[in-house]
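Have a look at the structure below before the remarks.
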Amino acid sequence: MTPLKICYVSSEVVPFAKTGGLADVAGALPCALKEMNQDVRLMMANYKSINERKFVLREVIRLKEVKVTLGNETRIIDGKTAFLPNSKVHVYFLHIPEYFDRKELYMDPTTGKDFEDNAERFAFFSKATLETLKLLYWQPDIIHCNEWQTALIPFYLKTQYKNDDFFKNTKTILTLHNLAYQGTFPLEKAGKIDIPDEYIQPGREFEFYGKLNLLKGGILFADLINTVSEKYAEEITEQAQYGFGFEDILKSRKKDLSGILNGVDYSNWDPETDHLISHDYTPDTLEDKIKNKKELCKQTNLSFDENIPVIGIISRLTDQKGFDLIEEVADDLMKMDLQIVILGTGDPKYHKLLEKLQKKFPSKLSVNLRFDNKLAHLIEAGSDIFLMPSRFEPCGLNQMYSLKYGTVPVVRETGGLADTIDDFDPKTGKGTGFTFKKYSGSEMLKAIQRAIKTFKDKRIWTKIQEAGMKKDFSWENSARKYMDLYKKALSK
Ligand code: ADP
């Protein structure tokens with residue numbers, strides 16, 4: 001079969017720019033597709049924070065000073081290129097100085113709020129992607145869009161570029177990584193990004209509760225849509241707490257909606273080869289894991305005791321991730337024989353909460369309010385248990401990393417967490433973690449109690465660790481499913 005030409009478009013890509021799991025996926029799936037001999041290229045914004053020297057970005061003559069117009073504005077865009085490290089995947093970095101020479105990707109650090117011009121920033125990026133493809137004379141079979149930031153691409157293709165022969169065989173996929181982020185803006189923004197008035201009338205594609213909603217339009221214009229786990233694909237059509245009001249919109253596209261679990265990039269997340277942890281280990285040298293626990297305790301100011309379980313948490317601090325449950329049962333939780341290390345940044349209200357808890361329980365709790373990839377790896381390696389009590393979780397990566405590191409997950413049964421972690425059953429001895437269903441502090445506490453009780457029995461605990469380490473969530477599997485999805489789109 002001739003290779004498919006796949007253009008993968010993402011607002012963040014590891015290792016260039018990252019705020020969450022999307023970046024991990026965007027840095028890994030294209031490589032897996034390339035390994036399957038597909039012709040895949042990436043498009044991303046060239047943010048100020050990207051180290052052009054380190055990643056050897058090169059100028060592309062054809063992509064110099066490209067004019068892109070939306071509404072009454074024209075922006076000048078410069079495209080550069082580099083390889084995704086350790087791969088042959090070309091990445092194109094589109095630079096729009098007015099929009100991307102900023103400290104953060106989406107949020108203004110001085111106000112703590114989203115940039116006021118985010119709609120224009122990513123609309124220009126989306127249109128620039130299409131113009132870049134034309135200038136490169138590279139006609140993709142598939143444009144794979146992600147999240148609201150690139151959700152305008154299917155719309156532009158079906159409107160502005162409708163009669164453009166260049167794209168006549170191009171199909172679009174939109175992956176929904178998290179429905180909590182929809183790209184909502186005042187309706188007045190529509191004109192600035194070339195969305196004609198008719199599309200923002202009540203009930204139309206880009207209107208949602210009186211606001212401009214870019215994700216809604218993306219869902220309705222993309223040829224196919226998918227989410228990042230099968231369970232989440234079900235949940236979002238069923239209940240408002242998961243679908244964020246999109247349940248009926250998604251139901252209307254049910255035959256075009258599927259779920260494909262994200263994979264894990266084991267070249268970054270494997271204790272056997274991880275350069276960021278203090279001691280490497282494998283399932284055969286699991287006893288060496290304890291050395292990482294010692295180092296973790298040292299680095300996070302906790303006393304080291306082999307017999308006291310360390311619970312790790314690495315998370316964006318948002319309402320999604322279950323910190324209200326931790327708040328609810330903090331006193332009972334901290335009475336238990338355990339230590340907790342938290343790494344995260346996000347909502348100031350959770351920064352305050354965690355600082356308060358840190359003061360109250362200084363010897364048992366270590367709170368680290370920053371983004372720190374190295375510490376994230378050490379937490380995966382050094383913790384005994386990993387806690388993810390999410391309210392909803394489209395896929396979740398850390399629970400899969402935890403399995404690989406022999407760190408036993410305690411998770412709420414939702415979305416990707418439900419699809420990846422099997423509850424331990426003492427009767428059969430089977431299972432890879434401890435799960436709870438209802439979103440409540442006491443249910444979470446019960447699951448943690450079960451985990452801690454089991455931790456005391458080293459023989460059983462090792463069995464659970466080994467079962468987790470054996471699990472294989474490599475990208476190869478998921479990439480194959482994406483290939484099927486692309487073929488389905490092409491046959492539409
Ligand atoms: P989400 O995409 O909702 O943030 P995921 O579990 O899918 O959640 O992915 C989160 C990714 O971001 C993981 O790779 C995790 O290690 C990383 N991460 C989150 N917060 C931090 C932090 N404060 N420091 C380092 N890495 C972090």
Side-chain angles (χ1 to χ4, degrees), residues 10-12 14 17-26 47 49 102-116 118 146-149 176-184 215 228 232 241-242 244 262 300 311-330 333 340-361 365-380 383 386-399 401-402 409-412 414-417 439 441 444:
S10 174
S11 58
E12 45 186 276
V14 154
K18 164 168 173 173
T19 69
L22 166 63
D24 293 283
V25 176
Y47 303 102
S49 56
R102 302 182 188 180
K103 277 211 178 97
E104 298 264 346
L105 270 56
Y106 315 121
M107 199 190 73
D108 185 345
T110 56
T111 62
K113 296 207 170 95
D114 287 344
F115 289 120
E116 190 275 328
N118 270 349
N146 293 279
E147 303 289 71
W148 69 264
Q149 284 89 346
L176 310 170
H177 296 258
N178 194 334
L179 279 181
Y181 304 96
Q182 304 186 348
T184 40
L215 194 65
V228 287
Y232 188 63
Q241 76 182 102
Y242 301 112
F244 285 88
N262 286 334
T300 55
I311 299 185
I313 298 178
I314 305 163
S315 180
R316 288 182 297 111
L317 304 180
T318 66
D319 291 336
Q320 172 191 342
K321 299 288 182 177
F323 288 96
D324 50 340
L325 298 189
I326 293 175
E327 179 177 25
E328 192 189 318
V329 297
L333 181 63
I340 300 183
V341 181
I342 301 179
L343 171 64
T345 57
D347 193 329
K349 78 177 174 203
Y350 293 120
H351 281 230
K352 270 198 210 109
L353 164 72
L354 293 176
E355 275 163 354
K356 196 179 87 192
L357 292 176
Q358 165 83 91
K359 277 206 191 98
K360 202 166 165 191
F361 306 104
L365 178 64
S366 168
V367 171
N368 306 272
L369 299 173
R370 58 179 193 272
F371 196 92
D372 184 340
N373 188 41
K374 191 157 187 236
L375 183 57
H377 281 253
L378 188 59
I379 290 175
E380 285 294 1
S383 305
F386 196 89
L387 179 60
M388 272 177 100
S390 308
R391 187 183 287 275
F392 63 94
E393 195 60 74
C395 176
L397 292 168
N398 277 305
Q399 83 281 11
Y401 301 159
S402 298
V410 173
V411 304
R412 179 161 171 260
T414 180
L417 298 174
Y439 190 74
M444 176 184 77

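Just so you know, these numbers come straight off a predicted model, no measurement behind them.
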Check: Is any side-chain heavy atom of P109 less than 4.5 Å from a side-chain heavy atom of K103?
Finding: yes
Notebook entry, point to check: Does N398 reach the side chain of I313, with side-chain heavy atoms less than 4.5 Å apart?
Noted result: no
Note to self: Do Y242 and T414 have side chains that approach each other closer than 4.5 Å (heavy atoms only, starting at C-beta)?
What the structure shows: yes
Checklist line | Chi angles and distances behind the side-chain contact (heavy atoms from CB on, under 4.5 Å) call for V228, L176 | finding: CA-CA 7 Å; V228 287; L176 310 170; over 6 Å; no
Notebook entry, point to check: Which atom names give the shortest non-hydrogen contact between I379 and G312, and what distance separates them?
Noted result: CG2-CA, 3.8 Å
Next item on the list: Output the distance between atom CD1 (I340) and atom CG (L357), rounded to the nearest 0.5 Å.
Entry: 9.0 Å
Notebook entry, point to check: Between L343 and A376, what is the shortest heavy-atom contact and its length?
Noted result: CD2-N, 3.6 Å
Note to self: Ring centres under 6.0 Å, that's the criterion: do F392 and Y439 meet it?
What the structure shows: no
Margin query: Using the rule given for side-chain contact (heavy atoms from CB on, under 4.5 Å), can you reason through L354 versus L369, listing the C-alpha separation, both sets of side-chain angles and the distance that settles it, and then say yes or no?
Written below: CA-CA 9 Å; L354 293 176; L369 299 173; 4.1 Å; yes
Next item on the list: Begin from the C-alpha positions of L105 and Y47 and carry the test side-chain contact (heavy atoms from CB on, under 4.5 Å) through to its verdict.
Entry: CA-CA 7 Å; L105 270 56; Y47 303 102; 3.7 Å; yes
Notebook entry, point to check: Salt bridge check: are D319 and R391 linked by an N-O gap of less than 4.0 Å?
Noted result: no
Next item on the list: Taking the side chain as every heavy atom from C-beta outward, state whether N368 and I342 have any atom pair closer than 4.5 Å.
Entry: no
Margin query: Could you measure the distance from the CE atom of M444 to the CG atom of L387? Nearest 0.5 Å is fine.
Written below: 6.0 Å
Notebook entry, point to check: How long is the span from the NZ atom in K359 to the CG atom in L365, to the nearest 0.5 Å?
Noted result: 12.5 Å
Margin query: So S383 and I311, do their side chains get closer than 4.5 Å, heavy atoms only?
Written below: no
Notebook entry, point to check: With distance as the sole test, does N118 use its side chain to make a donor-acceptor pair with the main-chain N or O of Y106 at under 3.5 Å?
Noted result: yes
Check: Between the side chains of E380 and S402, does any donor sit under 3.5 Å from an acceptor?
Finding: yes
Item checked: Spatial distance of atom CD (Q320) from atom CE (M388) [nearest 0.5 Å] -> 8.0 Å
Notebook entry, point to check: Is there a donor-acceptor pair closer than 3.5 Å between any side-chain N or O of E147 and the backbone N or O of Y181?
Noted result: no
Checklist line | Q358 side chain to V367 backbone, donor-acceptor under 3.5 Å | finding: yes
Check: Are the ring centres of F323 and Y350 closer than 6.0 Å?
Finding: yes
Notebook entry, point to check: Do any N or O atoms from the side chain of H351 and from the backbone of G346 form a donor-acceptor pair under 3.5 angstrom?
Noted result: yes
Item checked: Whether Q149 side chain and S11 backbone form a donor-acceptor pair below 3.5 Å -> no
Next item on the list: Using a 4.5 Å cut-off on heavy atoms from C-beta on, say whether the side chain of T318 contacts that of D347.
Entry: no
Item checked: Flag, side chain of N146 to backbone of S10, donor-acceptor distance under 3.5 Å -> no
Notebook entry, point to check: Salt-bridged, D372 to R370, with N to O below 4.0 Å?
Noted result: yes
Check: Rounded to the nearest 0.5 Å, what separation is found between the NZ atom of K360 and the CD atom of E355?
Finding: 15.5 Å
Note to self: With rounding to the nearest 0.5 angstrom, report the CG to CD distance, N178 to E393.
What the structure shows: 7.5 Å
Next item on the list: Would you mind reporting whether Q182 and F244 have side-chain heavy atoms less than 4.5 Å apart?
Entry: yes
Notebook entry, point to check: Is a side-chain N or O of S315 found less than 3.5 angstrom from the main chain of L317, in a donor-acceptor match?
Noted result: no
Checklist line | Verdict with supporting geometry, F386 and Q399, side-chain contact (heavy atoms from CB on, under 4.5 Å) | finding: CA-CA 7 Å; F386 196 89; Q399 83 281 11; 5.5 Å; no
Item checked: S366 side chain vs T300 backbone, donor-acceptor pair below 3.5 Å -> yes
Margin query: Is the shortest side-chain heavy-atom distance between Y232 and L179 below 4.5 Å?
Written below: yes
